[in-house]
Amino acid sequence: ESPGGYQLVGRTLPIWNTWGRTAPFTPDHPWMLRIFDQIKFVEVTEEELEVQRAAFANGQLPLETIDAPFDLAAYNVFLHQVAPEAKAFQAQQQA
């Protein structure tokens, strides 16, 4: 799936293709994500995921991508808003 065989978040589509044989991968670009890419996860049934994974493996699943600027000011506002929750989570991790 990805280098080392780990899954990043739940059960998703692969984001790495070592040989770059199917779109959107190429031999020179075997990874799907770029710096600052934003990902939207969509809940699907297990059956839908298996169909999508099979289509993706064959380069037959069109992916929806939207070019958008990265808004640093909005991101900083977001970080400020979630700071208490993030701090509580980190404390729980270290406990």
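Here the structure is a predicted model, which is why all the values come from computation and not from measurement. Only heavy atoms go into these numbers, but all of them, side chains included; no hydrogens, no water, no symmetry mates.
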Heavy-atom pair of closest approach, residues Thr18 and Trp16
OG1-NE1, 3.0 Å

Least distance between heavy atoms, Pro27 atom then Gly20 atom
CD-O, 3.6 Å

Pairs under 3.5 angstrom only: tabulate donor-acceptor contacts from the side chains of residues 39-46 to other protein residues two or more places apart or in another chain.
| residue | atom | partner | partner atom | Å |
| --- | --- | --- | --- | --- |
| Thr45 | OG1 | Glu48 | N | 3.0 |
| Thr45 | OG1 | Glu48 | OE1 | 3.3 |

In residues 79-95, what donor-acceptor pairs under 3.5 Å come from side-chain atoms, sequence neighbours left out?
none

Is there a path of hydrophobic side-chain contacts, each under 4.5 Å between heavy atoms of I/L/V/M/F/W/Y residues, joining Phe25 to Leu63?
yes

Can you sort out the partners of Gln60 under side chain to side chain donor-acceptor pair (under 3.5 Å), two or more places apart, ordered by chain and number?
none

Show me the donor-acceptor pairs within less than 3.5 Å that the side chains of residues 71-78 make with the rest of the protein, sequence neighbours left out.
| residue | atom | partner | partner atom | Å |
| --- | --- | --- | --- | --- |
| Asp71 | OD1 | Ala73 | N | 3.1 |
| Asp71 | OD1 | Ala74 | N | 3.0 |
| Asn76 | ND2 | Leu72 | O | 3.4 |

Membership question, hydrophobic clusters at under 4.5 Å side-chain separation (ILVMFWY): are Met32 and Leu61 in the same one?
yes

May I ask you to test the Trp19-Pro30 pair for a side-chain heavy-atom distance under 4.5 Å?
no

Going from OG1 on Thr26 to CG on Asn17, what distance comes out if it is rounded to the nearest 0.5 angstrom?
9.5 Å

Could you list the residues that satisfy salt bridge (charged side-chain N to carboxylate O under 4.0 Å, His left out) with Asp37, not counting sequence neighbours?
Arg34

Could you list the cluster mates of Ile66? Members are the ILVMFWY residues connected by side-chain heavy atoms closer than 4.5 Å, either directly or through other members.
none

